[in-house]
Each structure stands twice: as structure tokens, then as C-alpha cells.
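Here is the structure we will look at.
The figures here come from the full heavy-atom set of this structure, side chains too, leaving out hydrogens, waters and symmetry mates. Here is the naming used below: chain letters follow the sequence lines, and residue numbers restart at 1 for every chain. What you see is a predicted model; the values in this text were computed from it and never measured.
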Amino acid sequence: MRLKDLATGLAALAIAAPIAATAASAYELTIPSLVYRTGPYAPSGIPFANGYADYFTLLNERDGGINGAKINVVECETAYNTQQGVECYENTKNQGESGALVYQPLSTGISYQLIPKAEVDQIPIFTMGYGRTSAADGTIFPWIFNPPGTYWDLASGMVNYAAAIEGGHANLSGKTLALVYHNSAYGKEPIRTLEALAEKHGFKLELLPVDHPGQEQKATWLQIRRLRPDWVFMWGWGVMNQVAVKEAASIRFPMDRFIGNWWSGSEQDVLPTGGEANGYLSGTFHAPGPDFPLHQEILDKVYGAGKGAGEKERVGEVLYNRGLIAAVWTVEAIRKAMEIKGSNEIKASDVRDGFDQLKVDEARLAELGLPNFTYPVELSCASHSNPGTVLIQQWDAGAKKWNVIASGIQPDREVIDPLIAEDAAAYAKEANITPRECNN
Amino acid sequence: MLFFIETVLSGLMAGVMYSLVALGFVLIFKASGIFNFAQGVFCLFAALTFVGIMEKTGVPWPVSFVLTVGVMIALAWAIERFLLSHLVNQEPIILFMATIGLAYFLEGFGDLLWGSDVKPLDIGLPSGASDWMLDTFDIYVEKLEVVAAVVAAALVTGLAIFFQKTRIGRALRAVADDHQAALSVGISLRTIWVIVWSVAGIVALVAGIMWGAKSGVQFSLSLIALKALPVLILGGFTSIPGAIVGGLIIGVGEKVAEIYLGPFVGGAIENWFAYMLALAFLLVRPQGLFGERIIERV
């Protein structure tokens, strides 16, 4: 009898075990990753995509995913082409049981195209530090999130840094600031804020567009030689950055008066220029380098297992870290969504709720292995972007590394917030959107 | 006035860089009537190979240069053997389509072989402004572009001698004039095609190095072909001097337009202005400034 019971028990176990195992891992979280590993913008796209992928791999390897649900990262190549990006979105949005949970388009052009689609498909779009600035208004853009700062925060932060160096905002009056920008939706994004700030502080703003891809910029830099601006800001991407830094050095423009935005300040942008880029500045919102516990864990558990997305030596590059923090915030939003729903079987609309209540403070960053890596982020139904704080980093060509030289630079909310409200309201009117009610 | 001189000088120098790319197009079109859409990717592939060999093996650049020349010759042979030989006597549009396919293949193959990252190209080419010009006349002239001008002059001289004075050069011209007649006097079309694609590959290597020294070797190099197109339209598809003069006119035209006209229309006009300039020439001289006038007798 006992033997029979044992046999029955074993048989039951044999049947139940796979079900139990399946229950722990059956529900898969689909996270599409719109990457550009090919084409002219690949040098910038690859490290970001690697950092983004490595964090999900680490969670799958170390924790079996997020709260027991494995993550399936579906890469789709956009080549930084808006049309291809939209095709990627359409092809991946219904993949897997969960469907696409969240998108990170890494392109302002693609982001603009996805804004109305996200509303219809009810999938959150996380445009981390790029995309449409006014999407920070969660009442009008309930599906778009752009923490930890917008291009307008960044532009204002860069102006505030320049003011600090000049000895105060009053000293900006009469100065000339040239904006060298990628002639695209992305590059044009900061113009509105800079115009408002120019009016407020009395500096002259010169706009110098550079056509895609920016391989040839002689005319732009000749104009800078003629205009002799006190500061040059750059909104560049890909080859445009490298050529601009080289041209600036050629005309002997002082590198410590030349600030790139946070997409114009990676190793790829300065290394091809050699020593000439020494002293070049860029905005950022996180620390450079691989000296954080999370990096070590990725090196041990992901690269150690031969599952790294890129080369081990490049873990910790600026754009790698950018992809990494994008994945970290995404996962924290997913965790929050699971907590709200009380289940790991979440859908994209749950992830939106997770983003709406996303809170990653310094204690949580330290827990995640990123102490003092970036600023705390706390979103709400109405506020989809904060804190907007800007760091300035400087390239040391000798040591071949970026060093943060200024931190805690706050944007001018007095100027930016009304602009955001105005732009968001204009979009709501154009798209016939009724702002949602938010209690916070 | 000084600034205008500086603009014109910069335009001339930029024009030389465009001419370097345009030369490769001209060589192939002149000898085979094929518009090689892949010429821009040739520049990229050659430069990638050049830097890639140096990176992987640590050999000095002259060795890498010679090895890359070998690779470009092998590539020319492969193109003739596996592509062109199957398309002899096909319509020019078919051959053009084949070069589009070739461009995408080579871009992907280069990516596979050498990766997509920016590769710094440091072979001791001068960079930055000429101190003498800047300090003495306050005129900005980039040293790299002066070197490019010298290299272009040397290339054109070498090519002119090759085409005019050598037996192979004369055979090339014979093939360019009339395939059938050249075949009837015993000139091997296949050999000539290998030679001309090899020479175009070497010119692409030189252009790729010059452009790569400006921005690092990266995939956007393949887009420099777009800069060569208006040069070709203006200078003519069959003329080597045309490629040079066309480059200079386009270079100066686009810089002057960008700086003096751009501010009134929002800027970033140099790309389309170059094409507009080329189109204007096309209306007056469809064969380009130095191109051969084709008269079809019915």
C-alpha cells in the first residue's frame, strides 16, 4: 500500500512538476528594443542597445526575470530611420502573450510618429531624455514618459552652466550663443526654449542647422568663425558629432565653451578626433564609467557566462550606461505595475500605470548597484518627466575618459513649464484630446 | 572680403574632397558605361579594410595600404567574375541595378567583417587649420584638405598618364569608345573591366582615407557618394578633369550659398543647392561641362 502511495505520489509529482515549473516561467514579458546596429548612426546606437539588453539578460540569468516572469527582448533594426522604426513598432506590438509592454524608440523622429499610435494601442512609450518635450505633461500625453529630463530642461541647464561660468545670468546679456543642430525634429527641439531664454537673459541666439548625416560641416564652422559666438551648443547625433568636434578644434574654438547635448557626449564622439577634443563639454544625466556594483555584476554574470550583447571592454561607456539606466527605469516601472496588479501577468496598460507611479530614489539606486549614478526620479499621473537636473561632463583626451565637472544644475522651470503647458495644449487641441483627470 | 575669400578657399578644398569620390565613378563609367552606385560604399569598404588590417595585425599603414590595394583588386576580380561577366550586353539600367545590389552587399559584408563602430584613422595626416594662413592672413584653411588637393592632383596626373601613355590605358579608351570594335581587335573586355574596377577601387581607398581622417572611418562614409553626384552631373560622367572642375564649382557654390543665402531661408541648403546647381548646368549642357556629347544618328 505504501509503495502504491509512493508510486501515485511520484506520478502526481511527475505531472505536477512541469506545470509548477511552467507556472513560474510561463508568462513571458515581451520588451521590444528598437535598435540601430547598422547604418550611419550605428556607432551611437550599438552601445545603447548593448546596455539595454545586458540588464535584461542579467535579470533573466540572476533572478529568472522580473518576479519570476522571464523577459523576452525582441530587437528590431530601425537604422535610425523613422519609417523603419514605425514598421518595427507595428511588427512587434502584438508579440508574445503579454504583447509589447513598452517601447524605447531612441529616436525623436520615431517617437513623434508613435505618440498617436501609443494612445490607440495603449502601449507606453519611454522616450528617455529625448522625443517631444511637452510629453512631460501626463494629462495630455498619458502614454508617453520622458524622464529624467527633457530637451528643454537640458537646454536650460546648459544655459545655466554657461551663466555660472560667465559669473551670473546678468553677464549673459550681449553674449552670442550659437546652436549647431541636426536638421531634424530632434535637432530643432531645443530652439523654442533657447529663444525664450535668449529673450529673458538678453543673449543673441544664432541657429546653424546641419543636414543629415553631417559628414560635411565646413560652411557651418566658417559661419561660427565669422559670428565668433561666446558659446556653441550642439544638438548632434552620429557622425555629425565627431565632425563638429574636429571642425571646432580646427578653427580653434575653445573646447570649454563648446557644449554638446547628452546625445553628443559619448566616447564615440571624441575618440576619432584624438587629442583635439580635449576639454570638450557635454550635458548628461548619469555618471560615466564602469565603476559601479551593477557593472561588476553584469561583467560577472552576463559576460562571464558569454551572454553579453557587446564587448566586455565597452561596458561602462557613456551610451552603454544610458542604455543600462533606461532598462533599469523600465524594469522598475514593470515591478511597480506588477505590484499594483498583484500579479506578474501584466499588459502594456499596467506598465503605463507602473510608469505613472515610478519612484526610484537614491536608496533604491544603491540597492540596484548604482549608488550616486543618477538623480532620483518620481513620476506621477500629471508629471511624466523629472527631475530635469543636468550634469556637465568634460572629455579628458589624455586619460580617454569623461569626468563630471558640474552637477545639480536645475533648469529654469519659470520659462519651461509655461512652454510645456502651451505646447501640450496646442497638441491636445490639434489631436482633439480631452486632458485626463489627475489627482497628482 | 577676407571672409568671402576664406569661404571660396574652403569651398575649393571641400570640392577637391568631392572630386576624389567622383573620380571613381568617372573611371568606371568611362570604361564600361556602368554607373557604379556602389562607389560610395567602395570608399567605405576600402577605408574599413585599411583601418581594420592595421587594427587587427598591427602592421604599419604603408603595409596595410598595399594589402588593401590587393583586397580591392581581388574585389574587382570577383565583381567581374561573379557579376559583370553574367551581364555583358545587358541594358545599362540592368547593370546599374546590379551595382545597387553590390552596394548593399558590400555595406553588409564590411559590417560583418569589421563591425559598425567608428574607427579612428591616425596615419599622421595633418589636421586642423594651417597656422601660417591663420596667423598671417586670418584665413582658415584646413591642412588635411591641402593634402587632399595635392593627392587629387597626383591622382589625376597619374590617371592621365595611365590613360594616354600606356598600352592598357589605350585599350581602356578603346573599350570605352566601342566594346565591339575593341573586342574585334583582340582586347579582352573582361581583363579591362577588372583593371578599371581595380583602379576605381584604389581611388576609392584614397578618397576613403581622406574622408575617414576627417571623421573616423564609419558607415556614413558610404553617403559621401551623394556629394559626388552633383559633381558628376556638372562635370560630365566621362571626364576626369570634369570631375575635378565639377567638384570645385560644386564646393564653392554650395559654401557660398549656405553662408550668404542660407540665413535668409533657414539654412542647411548646401546639399540641395549643389543638386540645383547641377540641374541648372544640366539644362544648358546635358552632357556636363566636359562630358562627351552623344549624337544618335537615326
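Only the side chain of A:E276 comes within less than 4.5 Å of a heavy atom of chain B; its backbone N, CA, C and O stay farther away. Proximity to chain A (any heavy atom under 4.5 Å) is shown, for B:K143, by neither the backbone nor the side chain. Only the side chain of B:L134 comes within contact range of chain A, with heavy atoms under 4.5 Å apart. In this structure, chain A has heavy atoms under 4.5 Å from both the backbone and the side chain of B:L221. Only the side chain of A:R252 comes within contact range of chain B, judged by heavy atoms closer than 4.5 Å. For B:Y140, the parts sitting under 4.5 Å from any heavy atom of chain A are the backbone and the side chain alike. Only the side chain of B:D111 comes within less than 4.5 Å of a heavy atom in chain A; its backbone stays farther off. With a 4.5 Å cut-off on non-hydrogen atoms, A:E267 does not touch chain B at all. For A:I46, the part sitting under 4.5 Å from any heavy atom of chain B is the side chain, from C-beta outward, and nothing else. Using a 4.5 Å cut-off between heavy atoms, B:A213 touches chain A through its backbone atoms (N, CA, C, O) alone. Proximity to chain A involves both the backbone and the side chain of B:I259, based on heavy atoms less than 4.5 angstrom apart.
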**Q.** CA sep, side-chain torsions, deciding dist, call: A:R225, B:E6, side-chain contact (heavy atoms from CB on, under 4.5 Å)
**A.** CA-CA 10 Å; A:R225 244 179 76 68; B:E6 188 172 87; 2.7 Å; yes

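The 12-atom threshold is exceeded at CD of A:E87, counting heavy atoms of other residues, nucleotides or ligands nearer than 6.0 Å. Other residues, nucleotides and ligands contribute only 12 or fewer heavy atoms inside 6.0 Å of the NZ atom of A:K307. Shown here is B:F109, whose CZ atom has no more than 12 heavy atoms of other residues, nucleotides or ligands within 6.0 Å. Sparse packing is recorded around CG of B:D122, with 12 or fewer heavy atoms of other residues, nucleotides or ligands lying under 6.0 Å away. For B:E55, the CD atom counts as densely surrounded, since its 6.0 Å shell holds more than 12 non-hydrogen atoms of other residues, nucleotides or ligands.
Here the side chains of A:Q223 and B:E258 are in contact, with some heavy-atom distance below 4.5 Å. When side chains are defined from C-beta on, A:H212 does not count as touching B:N271, because their heavy atoms never get closer than 4.5 Å. A:R314 is listed as a side-chain neighbour of B:D117, based on a closest heavy-atom distance under 4.5 Å.
The residue among B:A129, B:A257, B:G212 with the most heavy atom pairs within less than 4.5 Å of chain A is B:A129. Of all the listed residues (A:Q268, A:Q215, A:E247), the one sharing the greatest number of non-hydrogen pairs under 4.5 Å with chain B is A:Q215. The most heavy-atom pairs under 4.5 Å with chain B, out of A:K246, A:K218, A:E206, come from A:K218.
Between the B:S116 side chain and the A:R37 main chain, a donor and an acceptor come within less than 3.5 Å of each other.
What you find for A:D211 and B:A268 is that their closest heavy atoms are OD2-O, 3.0 Å. Pairing each heavy atom of A:P272 with each of B:G216, the nearest pair is CB-CA, 4.1 Å.
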